[in-house]
Each structure stands twice: as structure tokens, then as C-alpha cells.
Amino acid sequence: MLYRKVPKTGDELSILGFGYMRLPAKAGGTVIDEERAIRQLRYAIDHGVNYVDTAPAYHLGKSEQVLSRALEDGYRDKVRLATKLPPWSVRSRGDMDRILDGQLATLKTDHIDYYLLHSLTKESFLRLKQLGVLEFLDAARKDGRIRNAGFSTHADLPAFREIVDSYDWTFCQIQYNYLDEHNQAGTEGLKYAREKNLAVMIMEPLRGGNLGARVPDEIKKIWDGSPVKRTPAEWGLRWVWDHPEVTVVLSGMNDEAHIDENLRTAADAYPRSLTGEDLSRIGQVRDMYRQLMKVGCTGCSYCIPCPAGVDIPGCFSLYNDHHLFSFNRMAKFQYFGRHGGLMGGVSYAGLCRNCGKCEKACPQHLPIRDLLKEVSREFEGGMRFIIPVLKGGLWCMDQTGKVKRAFSRRT
């Protein structure tokens, strides 16, 4: 296992982090296979992984519970533990302490090593600041409940920079892979964060596994043509690790063979170790994916800000995922979360006012207004009813946690 240092602390973290959000399941895929999930994580830790990431939203609260049991028997001392504050559950300054204290109890620990504000948008960060979240982070760091403060985000580059500049963060977490060089924070955001001395944790290095599994025949042909034989997943991970600004790459591992493959890759994935021929081949794969995509959006973001608030590149990215990776069932849920208001502000395609400003700015000359209508038809049917139901589910999960904690204190 290779390790990279956190710039502000010198903490050495494994370049492969274990994302505890896609745990193995049984009973038709609805129940976590807890015994297997614990065994997998401990195996990874035994082989050098020392960064584990979870959140209250993962597996509807079950991830933190299973993780607490996985880190028994001395394993807690072997890892840096990361979890997150869910902005959608925060209504007051007191909620922040309540949620963190509940997480400490659930995870059976006296501190969180890396604590993130989860999936920040410009709007949700502004609201949290007004409620006192920066003072909360200062207090939690001072009293030792958290060691390092950070945030995760799918926001665009301007919003990302604004968040970075708003606090003395130790780290941040962004989506980054060879298809998302210019989407969300992108390469510019990666470099900006590192200029500010932040550690950068990477999520979705394979776009939820899509870049490593069931690749189209056209893509497979390009990979197979390489004299260096690597799996699609290895190519994708190595591309991310090739960037020296990257600290940890998170992988939501739930298969023993994938864990072994990722561990082997993480043993020699040094920064700037890919050759010019390697990078050219990855570029060919990127170009082919874009040819196969439903919308030929490169994520350049010239079309935003949209006067109506539509996150045009973000909507197109998930629309492409939905059609390119037909086995991916998460695109619509991610659309609700990122754009429909489930986890923050709204930026969905249906907000388009048909002004045409985006089309004048698009270097690809895409018929953006017509394409946004397609996205809206595909993703937004019933959204007005689904979002309140999902929000209700998150609220119920939060209330259940309150009751459990209150009951445990009385007993």
C-alpha cells in the first residue's frame, strides 16, 4: 500500500480508502450482509487501508451501525474514520451537536478523525453558515470530538472555490475521474484545493463502478489494444492516482475480487507514473465514451450560470449516465438528490425558461433547451411527489435516531 500525506497535518493516509456506502447485500438486495461487510473491511485494513468513509445517509443509517461493529476488536485504532454532517437534517445550531454526539455514540468512539459537511451546495453552505456551522466546527475541533474538518461537494467550480475560501479546512472531497475532468470542481478545483494546502479525497473515481464494469464493446476494444494489460477499473484508478494533488481515492468495495484488485493497484500507483502512451489511450477511451453519450456535453460549463438556476452540465452528466450505463439504477436518485432539492437547492432541468443564453455560449453548439426538455421528461415525472416522500424518509430516519439515543440514555 502506498500512502500520501495530508498537507496541513502530515497525517499519512492510504491512497486507497474504503467507502462504506455500497455494502454487500442479501435477502434480495435489501438487507446488508453484515458478516461479509465486516470481513471485507477488516481484510482491507489488514492489507494497508487506513481511511474509512461513511455517512448517516448511507444505507439509511445502517452504514455507521455496521461500521461500528467492524471497527471493534482493535480495528478502530488502525484507521482514520470519516463521517459527515447531513445539512438536510440541520435546522438549528443545536442539531449539529446532537447529530455529531449521536454519531460518536453509534460509532463507539470519542472522536471523528475526518468530519465532513455532506454534499454542500452554494445554498446549503450559506444556510449552514447562518446557523453557525463554522463556530460548531471550531468548537468540535477544540473539544476533540473531531480532529479535521472538511466538506464534500458536487458543486461547480465557482461555488467550490467560494467554499474552500470560507474556512480553515483540512481537506475536501470531490468527484473526479477521466470523464469528469471539467465537470463539477474538476481538474481546476483539484489544483485550487491543493494550492490552498488541502488534502483532496476523491469520490466516484469509476463513476459508481460504471467505468470498471460492463464496458461497451467499443471501449473494450481500445483497452484490449494496449500492450500493457490492465482492467478497466485499474486504468480508471491509476488515472486518478496519477495526479499528485490527490490524497485518497475512495472505492465503494463490496466484492472480494475487486478489493484484491484495488489493493494490488494501490501498491504501485505512483503519481505521474502513467506514460504518454497510457494517457493517450485513456484519452481515446474518453473520446469514445463521449461519442456514445446521449448528449455530447464536455462539461466545459460555459453555459452556466443559468439565469433560471439549472445546473446544465450536472443534469446532462446524470442523463448520460442513465443511458450509457443501462444497468446503473442510481442516476435518477442522484438527480433528485443533487438537482431536485432532496439534499439542497434545486437546479433541475425543468426550471429552464427557454431564454437561449446557454446555447449562445455553448462551444459544442448543442440544442440545450431541447435537450433539457428531454432530461425533464425522463427524470422529473412524479418528482413533485417523490421528493417530499424521500425527504419524509430522511426525517423519519433522523427522528428514529433521536428516539434510540434518548432510550439508550434512560437505560
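Computed from a predicted model, the values in this text were never measured in an experiment.
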Side chain of [X], backbone of [Y]: donor and acceptor closer than 3.5 Å?
{"X": "Glu64", "Y": "Ala55", "answer": "no"}
{"X": "Glu181", "Y": "Gly186", "answer": "no"}
{"X": "Asn50", "Y": "Glu12", "answer": "yes"}
{"X": "Asn148", "Y": "Thr170", "answer": "no"}
{"X": "Ser226", "Y": "Trp223", "answer": "no"}
{"X": "Arg76", "Y": "Val79", "answer": "yes"}
{"X": "Asn320", "Y": "Lys294", "answer": "yes"}
{"X": "Asp165", "Y": "Glu162", "answer": "no"}
{"X": "Asp242", "Y": "Leu274", "answer": "yes"}
{"X": "Ser280", "Y": "Glu277", "answer": "no"}

If you measure from the Lys or Arg side-chain nitrogens to the Asp or Glu carboxylate oxygens, is any gap between [X] and [Y] under 4.0 Å?
{"X": "Asp278", "Y": "Arg238", "answer": "no"}
{"X": "Lys229", "Y": "Asp224", "answer": "no"}
{"X": "Arg91", "Y": "Asp95", "answer": "no"}
{"X": "Asp97", "Y": "Arg145", "answer": "yes"}

Restricting to non-hydrogen atoms, name the atom on [X] and the atom on [Y] that form the minimum distance, rounded to 0.1 Å.
{"X": "Ala159", "Y": "Lys122", "value": "CB-CB, 4.1 Å"}
{"X": "Asp168", "Y": "Lys8", "value": "OD1-NZ, 2.7 Å"}
{"X": "Phe160", "Y": "Gly189", "value": "CE2-O, 3.2 Å"}
{"X": "Glu359", "Y": "Asp370", "value": "OE2-N, 4.5 Å"}
{"X": "Ser301", "Y": "His182", "value": "OG-O, 4.1 Å"}
{"X": "Ala269", "Y": "Ser273", "value": "C-OG, 4.4 Å"}

(message) So if I apply the side-chain contact (heavy atoms from CB on, under 4.5 Å) rule between Tyr114 and each of Ile146, Thr83, Leu13, which one comes out positive?
(response) Leu13
(message) Under the side-chain contact (heavy atoms from CB on, under 4.5 Å) test against Ser152, which residue among Met201, Gln175, Met203 passes?
(response) Met203
(request) Would you sort out whether Tyr319 and Glu374 count as a side-chain hydrogen bond (donor to acceptor under 3.5 Å, both in side chains), showing the intermediate values? (result) CA-CA 9 Å; Tyr319 186 60; Glu374 289 184 22; 3.1 Å; yes
Can you confirm whether [X] sits close enough to [Y] that some side-chain heavy atom of one is under 4.5 Å from a side-chain heavy atom of the other?
{"X": "Ile222", "Y": "Trp235", "answer": "no"}
{"X": "Leu211", "Y": "Asn177", "answer": "yes"}
{"X": "Gln40", "Y": "Met253", "answer": "no"}
{"X": "Cys172", "Y": "Thr153", "answer": "no"}
{"X": "His154", "Y": "Ser119", "answer": "yes"}
{"X": "Pro244", "Y": "Arg194", "answer": "no"}
{"X": "Leu372", "Y": "Val310", "answer": "yes"}
{"X": "Gln173", "Y": "Val248", "answer": "no"}

Between [X] and [Y], does any side-chain donor sit less than 3.5 Å from a side-chain acceptor?
{"X": "His111", "Y": "Asp113", "answer": "yes"}
{"X": "Tyr176", "Y": "Glu204", "answer": "no"}
{"X": "Arg4", "Y": "Thr247", "answer": "no"}
{"X": "Lys360", "Y": "Tyr302", "answer": "no"}
{"X": "Asp11", "Y": "Tyr51", "answer": "no"}
{"X": "Thr54", "Y": "Ser63", "answer": "yes"}

(request) Go through Glu256 and Arg36 one step at a time and tell me if the salt bridge (charged side-chain N to carboxylate O under 4.0 Å, His left out) criterion holds. (result) CA-CA 9 Å; Glu256 287 76 9; Arg36 188 179 175 200; 2.8 Å; yes
(message) Distance to the ring centre below 6.0 angstrom and angle to the axis at most 45 degrees; does that hold for Arg286 and Tyr178?
(response)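 No, Arg286 does not sit over the ring of Tyr178.
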(request) Please say whether the positively charged group of Lys332, taken as NZ for Lys or CZ for Arg, lies over the ring of Tyr335, i.e. under 6.0 angstrom from the six-membered ring centre and within 45 degrees of the axis. (result)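 The answer is no; the distance or angle limit is not met.
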(message) Go through it in stages, so that I can follow the logic: the residues are Tyr348 and Glu380, the test is side chain to side chain contact (heavy atoms under 4.5 Å, CB included), and I'd like the CA-CA distance, side-chain angles, deciding distance and then a yes or no.
(response) CA-CA 8 Å; Tyr348 57 89; Glu380 294 169 17; 3.5 Å; yes
Contacts under 3.5 angstrom, residues 257-264 side chains, donor-acceptor by atom type, not counting sequence neighbours:
from: Asp260; atom 1: OD1; to: Tyr43; atom 2: OH; distance (Å): 2.6
from: Glu261; atom 1: OE2; to: Thr231; atom 2: OG1; distance (Å): 2.3
from: Asn262; atom 1: ND2; to: Ser251; atom 2: OG; distance (Å): 3.1

(message) Taking the ring centre of each residue, are Tyr20 and His59 less than 6.0 Å apart?
(response) no
(request) Please confirm whether Phe379 and His339 have ring centers closer than 6.0 angstrom. (result)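 No, ring centres 6.0 Å or more apart.
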Would you find more than 12 non-hydrogen atoms of other residues, nucleotides or ligands less than 6.0 Å from [X] atom [atom1]?
{"X": "Arg147", "atom1": "CZ", "value": "no"}
{"X": "Lys78", "atom1": "NZ", "value": "yes"}
{"X": "Lys108", "atom1": "NZ", "value": "yes"}

(request) Give the C-alpha distance, both sets of side-chain angles, the deciding distance and a yes or no for side chain to side chain contact (heavy atoms under 4.5 Å, CB included) between Arg207 and Tyr289. (result) CA-CA 13 Å; Arg207 279 205 176 185; Tyr289 267 122; over 6 Å; no
(message) The test is side chain to side chain contact (heavy atoms under 4.5 Å, CB included); show your working for Leu16 and Thr265 and say whether it passes.
(response) CA-CA 9 Å; Leu16 177 64; Thr265 305; over 6 Å; no
